[in-house]
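What you see below is based on every heavy atom in this structure, not just the backbone, and it leaves out hydrogens, waters and symmetry mates. Being a predicted model, the structure only gives us computed values, none of them experimental. Naming convention: chains lettered A, B, ... in sequence-line order (proteins, then strands); numbering from 1 in each chain.
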Amino acid sequence: MENILMKNLTQIDAVQRLLKARALNLETAREVLTNPEEILIKIQNFELAQSMFKSPFALPDESVDGLIRFAFTENNFPVGFELPECHTLLAGQTGCGKSTLLRIIFDQALMLNKINNNESPFMDEIVCWLFVKAPDMRSLLETEENILIVNFQNIKLNPLEPPPGMNVMEWTNVFADFWIQAFGLYEASKGFLIECLENLYSKYSTLGYYPSLFDLYYYVRAMKFTAISRTARYQESVLNRLGGLLKSSLASIFDCSRGHVNNLINQHTIFEIPFLATEQQVFIVNYLVSYLFCFKLINENALRHFVGIDDSNTIFDSSFEKRPDMGLPIIHQLLSTIRKSKINVFACTQTPHQIGAALHSNAFAKIMFSLSNGKDIDFMQQGMGIKEPEQQAYCFKLKPREAVIRFASRFQEPFVINIPEVDL
Amino acid sequence: MSLFDDEFVKQNNKRILSGFSFQPRYKPEPKQEEVKQEQSNPQSQKSAKSQDVLLDIYNRFDVQSSKRSTDLGLSAEVANKIYKHIEKEQLVEKISLNVTGKKGGLSKYHVLTNKGYEAINKKPIKRSGGTGAKHFFLQRYFKKHLPEKGFSNVEVEKNLEGKRIDVYAIFGELRIGIEICITTIKTEHLNVQKDFDKCDCIFVVCSDKKTKQKLEKEIPESKAVICVVHEFLNAPEELIKRALDLKRQLRIV
């Protein structure tokens, strides 16, 4: 009796190990039934040999696959995510494969759009927005020609134009929030700005126009305060930032009452921002992403948006969360509520320890490529639950296009993936 | 050198941006030349604004036409011209409905036609066979707004054992079937018969009171609760209670 029980247990163990190694077939199954002890020894030897070449991370099963495939596991399962699984954090130093991964994900999305049968759609139509600092992503035009490349010379934007259906006063608050965040102003200047905008909007409401940033500049400049008053200082601060922006290369794009932003909602777009000043990058990315978030919160439509941000520190930097006078930036609040509005954010960073909690707490997938700063590696390991010393040591030896990933559901253990090579 | 150099991008952008429009900044005293220039090409301005309106209908199908024009900053006169233009070009179909139950008559809505979808480079949303614009609009409206009223799993044209129900939803644990009735009084009778066993409550939702009155003569109330759109949207719980009471009475008999 005991022998039979022992044999059965050995058989179960062998089957489980074979399944894990993806080696269960007719031949091995027959072997398990006839001679379980012998095959178990063979499997153990195989595992021992394999451990000399594989990473110390767990080998996942088929559950890691999804509609948008982007990599392979060590045991050659495809890895992907489903559309409702929002937000992905990609951390890695330059040249490690972040952009390649971003390119693969967006390429997949564009391809799926093409094969999505309109009569019986298997997914929502996806609109891609990418904020990048290099022209690499132009190669997506090979997959889809209908992509607008915005280099901030050819389009018109009015950051004071609220999304359709949104009250101007609500938009004023959103605008003031990302304005002071981008230009490093304080609460008092924000209050002053809101007051000016309120007056300006009511002045323009009867005209059928929205005020532009130029109108705001001229309005603030025309205000008269005693030179020694505090309000004069707020006026000075607001004018200084507005003046800088409106004298820059971006000036011509702000010269409108209603811009192209409402059209961009339905348009695949790559925003190339490398030649903008740092604060302009923060301002533009914050403005466009906030606009999209607010639009989708108010107007439920059939589209799903993929938003890829090459340098997510421009909007999700933890320093924005740490200003005691300001509280949490609006974009961080929006990120946590946006899941139902069908927006997937793919945020890349080279310094994950400087990324705010909003993104870390809401990311479905965290992907760690090779990082050179110990602080960053510690931070990612903590966030991904990498606790085994062997696994921690392995994180310092990741090769290019090799990464450790952890999903928030399905398969929750961190595991190693390999990104296929793509010419950018 | 990349295949997609600046020149290629410039031409590609030009092609895409030709379908976009923007409103210039407000200038209190426009120069004479500018006025002439604006007036010289009113047709292109009209079509650009039409594009905006069509795109907005695509993005926000359930917004009243008057609210849409306000949101887009169009004066009543301009909005009227644009709506007439897109109706004449058969880019949209106009429908009148009262979905809120407020006084003041029917509200106007616009539904994109296949030609309208083409005009904004979008794939048309498939309508089931023979569905008119109003019927289709109401199906989408219910799909979007019923979850706010406590319904879940809202599905349009749900196939239940080979029979299609216009709108199907779950309320609590109850299976609710909704047949939308616009004008086809005769067929509703058959539709209700076929849905009767597959759902816990059947509602026949009419677009207006006249249709409701006609329908009440055709279908016995024991089979389905007949109501107008806004009655259903404003007080679904009361109507569900009524439907359950009727069903209970039917069983006793």
Are any of the side-chain heavy atoms of A:Asn154 and B:Asn13 separated by less than 4.5 Å? yes

Between A:Ile298, A:Asp215, A:Leu303, which residue shows the highest count of heavy-atom pairs closer than 4.5 Å to chain B? A:Asp215

Is A:Met169 atom CE crowded by more than 12 heavy atoms from other residues, nucleotides or ligands, each under 6.0 Å away? yes

Distance-only, no hydrogens or angles: does the B:Asn12 side chain make a donor-acceptor pair with backbone N or O of A:Glu145 under 3.5 Å? yes

Minimum heavy-atom distance between B:Arg25 and A:Ser212, given as atom pair plus value: CD-OG, 2.7 Å

Answer key: most heavy-atom pairs under 4.5 Å with chain A among B:Asn59, B:Asp71, B:Val63 is B:Asn59

In terms of heavy-atom contacts, B:Pro24 and A:Ser257 come closest through O-CB, 3.3 Å

Contact check, side chains of A:Asn151 and B:Lys10, non-hydrogen atoms, under 4.5 Å: no

Tell me whether B:Gln23 contacts the main-chain N or O of A:Gly208 through its side chain, where contact means a donor paired with an acceptor under 3.5 Å. yes

Check whether more than 12 heavy atoms from other residues, nucleotides or ligands sit under 6.0 Å from atom NZ of B:Lys143, and answer yes or no. no

The single option from A:Ile149, A:Ile270, A:Leu148, A:Val150 that satisfies side chain to side chain contact (heavy atoms under 4.5 Å, CB included) with B:Val9 is A:Ile149

So what's closer than 4.5 Å to chain B heavy atoms on A:Glu125: side chain, backbone, both or neither? side chain

Between CG on residue B:Leu55 and CD1 on residue A:Ile265, distance to nearest 0.5 Å: 9.5 Å

Within a 6.0 Å radius of atom NZ on B:Lys144, are there more than 12 heavy atoms belonging to other residues, nucleotides or ligands? yes

Between B:Tyr26 and A:Tyr209, what is the ring plane arrangement, given parallel below 30°, perpendicular above 60°, and tilted in between? tilted

Given the options A:Ile147, A:Asn158, A:Leu141, A:Asn262, which has more heavy-atom pairs under 4.5 Å with chain B than any of the others? A:Leu141

For A:Cys256 and B:Phe22, work out which heavy atoms get closest and say how close. CB-CD1, 3.8 Å

Counting heavy atoms not belonging to B:Gln11, are there more than 12 under 6.0 Å from its CD? yes

In this structure, are over 12 heavy atoms from other groups packed under 6.0 Å from B:Glu87 atom CD? yes

Please flag which part of B:Asp62 lies under 4.5 Å from any non-hydrogen atom of chain A: side chain, backbone, both or neither. neither

Could you check which of A:Pro164, A:Pro211, A:Ser205 has the highest count of heavy-atom pairs closer than 4.5 Å to chain B? A:Pro164

More than 12 heavy atoms of other residues, nucleotides or ligands under 6.0 Å from CD of A:Glu170: is that the case? yes

Under 4.5 Å to a heavy atom of chain A? For B:Arg15 that would be side chain

Measuring from B:Leu17:CG to A:Lys156:NZ, what's the distance to the nearest 0.5 Å? 11.0 Å

For B:Lys122 against A:Asn266, the heavy-atom pair lying closest together: NZ-O, 3.3 Å

Walk me through whether A:Gln267 and B:Phe20 qualify under side chain to side chain contact (heavy atoms under 4.5 Å, CB included). CA-CA 10 Å; A:Gln267 177 66 46; B:Phe20 289 10; 3.8 Å; yes

